There are 4 protein chains.
Amino acid sequence: MTFAAELDPADAARSARAERRSAQLLEAAARLMERDGSHAVSMQSVAAEAGVSVGLIYRYFGSKDDLLLAVIIGVLDSFATRVPAAVEAAGDDPVHRLAAGFRAYCEVIDERRHAAVLTYRETKSLDEAGRARIKELEVQTSEPLRAALRAGVEAGVFDVPDLELAAYDLLLLAHAWALKHWYFERTLSLDTYAQRQLALVLKGILEPKHRRRYADLLTN
Amino acid sequence: MTFAAELDPADAARSARAERRSAQLLEAAARLMERDGSHAVSMQSVAAEAGVSVGLIYRYFGSKDDLLLAVIIGVLDSFATRVPAAVEAAGDDPVHRLAAGFRAYCEVIDERRHAAVLTYRETKSLDEAGRARIKELEVQTSEPLRAALRAGVEAGVFDVPDLELAAYDLLLLAHAWALKHWYFERTLSLDTYAQRQLALVLKGILEPKHRRRYADLLTN
Amino acid sequence: MTFAAELDPADAARSARAERRSAQLLEAAARLMERDGSHAVSMQSVAAEAGVSVGLIYRYFGSKDDLLLAVIIGVLDSFATRVPAAVEAAGDDPVHRLAAGFRAYCEVIDERRHAAVLTYRETKSLDEAGRARIKELEVQTSEPLRAALRAGVEAGVFDVPDLELAAYDLLLLAHAWALKHWYFERTLSLDTYAQRQLALVLKGILEPKHRRRYADLLTN
Amino acid sequence: MTFAAELDPADAARSARAERRSAQLLEAAARLMERDGSHAVSMQSVAAEAGVSVGLIYRYFGSKDDLLLAVIIGVLDSFATRVPAAVEAAGDDPVHRLAAGFRAYCEVIDERRHAAVLTYRETKSLDEAGRARIKELEVQTSEPLRAALRAGVEAGVFDVPDLELAAYDLLLLAHAWALKHWYFERTLSLDTYAQRQLALVLKGILEPKHRRRYADLLTN
DNA sequence: CATGAATGAGTTTTCATTCAT
DNA sequence: AATGAATGAAAACTCATTCAT
């Protein structure tokens, strides 16, 4: 019954259309907000950028805050899908999994550098519910790294006194590529950045006896 | 002429008065902006908070952006004075100097947690000149850490392939206490936070042969 | 041709359908406008209340003003049918006819209290033609009362120097049950209200020699 | 001390200026709202009518609703001052006091006919607090009439079973000159209107034995 | 006949900035 | 030096109306 309803061609077309619209608006809003900051972006300008009328935005997002929240969540979602995939693709070795996860994180950050900064800049504009949502998503995002660390500890490869902290540090160092890009870009490429940060952290947590095994990850 | 003017007691009184006024306004603005974000703070509300008229603010700061810039610079300045002092007080040992610097940084951040976040949130609102100024100050702020690292390397205690990176990482981890306070406060006190972060970084950069000597800094 | 067309069963069905639709929309609009005032009611909310689409409303009413006019006329029409009926049912005595008419008017007002107020509140929003229509209907509505007064004067029971005025006063006092309901409801029921108002007016217009005959109408 | 403060010339000048501004804005708003209805009047148009900027209105009235409330209260206040004065000026005779009060009420209504209608039309737009305020003021306004009736009853001149009702009826009949002006103006002048309404009501409440004494009030 | 997505002019409100006092 | 009344541009948001389907 529900199934039939969902197959109703009119409804399906409508919802597909809605999906497309929503994505189109989100994309336009993200583009502008990343560039200028949400406060400097008017609903008029979002409408213009998307090539629609102001009123239409309010059909899809109840308010400017809703729109901002949706933009930020969109960014975090894109993080949440790519990092785990990279970790899985890296095989069973916890060290390699951690390395792959961190690298993937850095890559995603690099691709949406401005969007990543948005999270830091604009969260204050959200209401408590929105902020809570963002925080929750961010913690989720770091889970693959935490899992790899945990696996490493259990396998006796890592010595990590505070798992939560170490995982969050990795996340932070990935974010830093966006946050302090103006500083790092002077001397580092993304690859070098990821490589060196990883080496630094690994030296801090690898059991000494395994250092040789992962020597290639520890050099710059 | 200028010299005479500066010694003129009337002028001196005037400039002292101006200094006090400026500080009073800055303090009021900082309080509000840290709490609500600069966009949510009106010049009239700053005036009210400081107990003066709107017009007066414009005697001391040319525009709202000027005021914001001054607030942020004020924050960074307070960082810039305390960290070097702590480093000096720590003696000659580069490791202890680094540790002292990082700890001091964390403490200052903790004292002005919201102000620290301000830097991340509001810099976008500034014009290019303002942003450049902020960046410059931030780099300066990290200089004591960089110096300690350099000294350690020269003394053969540290193995730091990328000095700039390591120094900035320490600065970042100090900032993180403010940026991700909602996360870390669940499990860590400021002292533990600083201690563990320091341990992690030191393990990553200490020459293995010196590990034992600084064992107390490496434990949690 | 027209005649044939009206007998065409398809046309008949269509117009019956249209009638029902129209009534359905009118009812929904009335409900909302009485409660919130026409300005606070959007066409989309009327559509939602009626369970149809916005577009459909425009098939039946050319504009929001048209809809409002139709709502008000609907209210006045319902007044215009019930009062004469009550008067007729009251027999031949002019005093009883007047009493019955006034009571009926009060009852109708009571049943659609908010609708009655609508007339006072919203007429200004109409164009001149609409307002003229409303006024005309209101005057019509008072006609049964005026007729009863006239008959009473001719029969020598009433002494009414200004018939128009007295008739309109009765209409106003009936309206007042709606307009000042917040005041009268504290101390009066509808029945008592109608009874006392009638007594007051009758004492003002009954020839003294007939007072005794209608004593029951003059007491409270 | 307080006295001295109130005599401070700067403060006095300021508050006088504010008073004038407030009156100016109120007047402009009243003019437009009476003519077009509050919903049809934009803050822009009020500003233009008053010859000031939009922003200034918000210095004196927090919102459009505040402004509307102030306009209505202004109208009711002008009623509340003139009617009691007229009653007092009429001497001791309760009948003459009542007559004077009613006439004064009608005159005030006549002078601000559109404003009087405003009360009926726009009260719905107010919040509950505003509506309560209006109702309270209206009841106050009718108090002089109620008092005269009461005095008449005590003096044995009036026979009024329901004092509240009769007083409110008089108030209503005065309002009716504004509400149904389009109808009454065809046949009546204000004087005749007041005279006839008064005659009608007096015939309804005067003890028969006093009819002759006030014969001039009972004729048209 | 019926839908509802889309429009965009119009509304209320805020606030950085100015300037006469 | 200090005030705060006044400005007016710009923002978020609404909703009557249209029209392709």
Side-chain angles (χ1 to χ4, degrees), chain A residues 9-11 13-14 17-18 20-21 39-48 50-67, chain B residues 14 17-18 21 38-48 50-68, chain C residues 14 17-18 21 38-48 51-68, chain D residues 10-11 13-14 17-18 20-21 39-48 50-67:
Chain A
D11 270 16
R14 191 160 34 223
R17 185 192 186 79
R20 237 177 312 132
R21 269 280 188 240
H39 281 288
V41 172
S42 69
M43 295 302 263
Q44 291 285 355
S45 67
V46 174
V52 301
S53 67
V54 231
L56 192 60
I57 304 181
Y58 285 87
R59 254 195 170 276
Y60 291 86
F61 305 94
S63 69
K64 196 185 179 184
D65 276 6
D66 271 17
L67 181 57
Chain B
R14 191 164 12 200
R17 186 191 179 83
R21 271 281 190 236
S38 74
H39 282 287
V41 172
S42 68
M43 294 300 264
Q44 2 267 332
S45 68
V46 173
V52 301
S53 69
V54 235
L56 192 61
I57 304 182
Y58 282 85
R59 279 211 161 261
Y60 291 86
F61 304 94
S63 70
K64 194 185 179 185
D65 277 4
D66 273 16
L67 180 58
L68 173 59
Chain C
R14 189 160 16 195
R17 185 192 181 81
R21 270 282 192 235
S38 73
H39 281 286
V41 172
S42 68
M43 294 301 263
Q44 1 268 333
S45 69
V46 173
V52 301
S53 68
V54 235
L56 192 61
I57 304 182
Y58 283 85
R59 281 211 158 260
Y60 291 86
F61 304 94
S63 70
K64 194 185 179 185
D65 277 3
D66 273 16
L67 180 56
L68 173 58
Chain D
D11 268 16
R14 190 161 34 225
R17 185 195 186 78
R20 238 177 309 131
R21 269 280 188 240
H39 281 288
V41 172
S42 69
M43 295 303 263
Q44 290 286 355
S45 67
V46 173
V52 301
S53 69
V54 234
L56 190 61
I57 305 181
Y58 285 86
R59 251 194 173 276
Y60 291 87
F61 305 93
S63 70
K64 195 184 179 184
D65 276 5
D66 271 17
L67 181 56

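Small disclaimer: the values here were computed from a predicted structure and weren't measured. Lettering follows sequence order; numbering is per chain, from 1.
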_Shortest non-hydrogen separation from D:I57 to D:A47 and the atoms involved_ = CD1-N, 3.7 Å
*More 5' along DNA chain F: D:R59 or B:R17, using each one's nearest nucleotide?*
B:R17
Atom pairs, protein N/O to nucleotides 17-21 of chain E N/O, distance under 3.5 Å:
unit_1: E:dT17; atom_1: OP2; unit_2: B:Y58; atom_2: OH; d: 3.0
unit_1: E:dT17; atom_1: OP2; unit_2: B:K64; atom_2: N; d: 3.0

*Output all residues satisfying side-chain contact (heavy atoms from CB on, under 4.5 Å) with B:Y58, sequence neighbours left out; order by chain, then residue number.*
B:M43
*asked:* In whole Å, I'd like the distance from the CD1 atom of D:I57 to the C1' atom of E:dT14.
replied: 14 Å
_Rounded distance in Å - CG (B:D66) to P (E:dA16)_ = 14 Å
*Mind checking C:F61 for me? I need base, sugar-phosphate or nothing, with any heavy atom below 4.0 Å counting as a touch.*
nothing
*Could you spell out the base pairing of DNA chain E in dot-bracket, with Watson-Crick or G-U pairs whose two distances are under 3.5 Å, [ ] crossing and | to another strand?*
.||||||||||||||||||||
*With rounding to the nearest 0.5 Å, note down the distance linking CZ in C:R21 to CZ in C:R59.*
11.5 Å
*Nearest of E:dA16, E:dC1, F:dA6 to any side-chain atom of D:S53?*
F:dA6
*When the distance from NE2 of D:H39 to C1' of E:dG10 is rounded to whole Å, what number comes out?*
15 Å
*Using side-chain contact (heavy atoms from CB on, under 4.5 Å) as the criterion, list what pairs up with D:S42, not counting sequence neighbours.*
D:Q44, D:S45
*Look at C:Y60 and E:dC1 and indicate whether a side-chain polar atom (N or O) is within less than 4.0 Å of OP1 or OP2.*
yes
_Any base atoms under 4.0 Å from D:V41, or only sugar-phosphate, or nothing? Heavy atoms, all strands._
sugar-phosphate
*Taking for each residue the nucleotide of DNA chain E bearing the nearest heavy atom, is the 5' side occupied by D:S42 or by B:A40?*
D:S42
*Under the side-chain contact (heavy atoms from CB on, under 4.5 Å) test, which residues partner B:D66, sequence neighbours left out?*
B:F61, B:S63
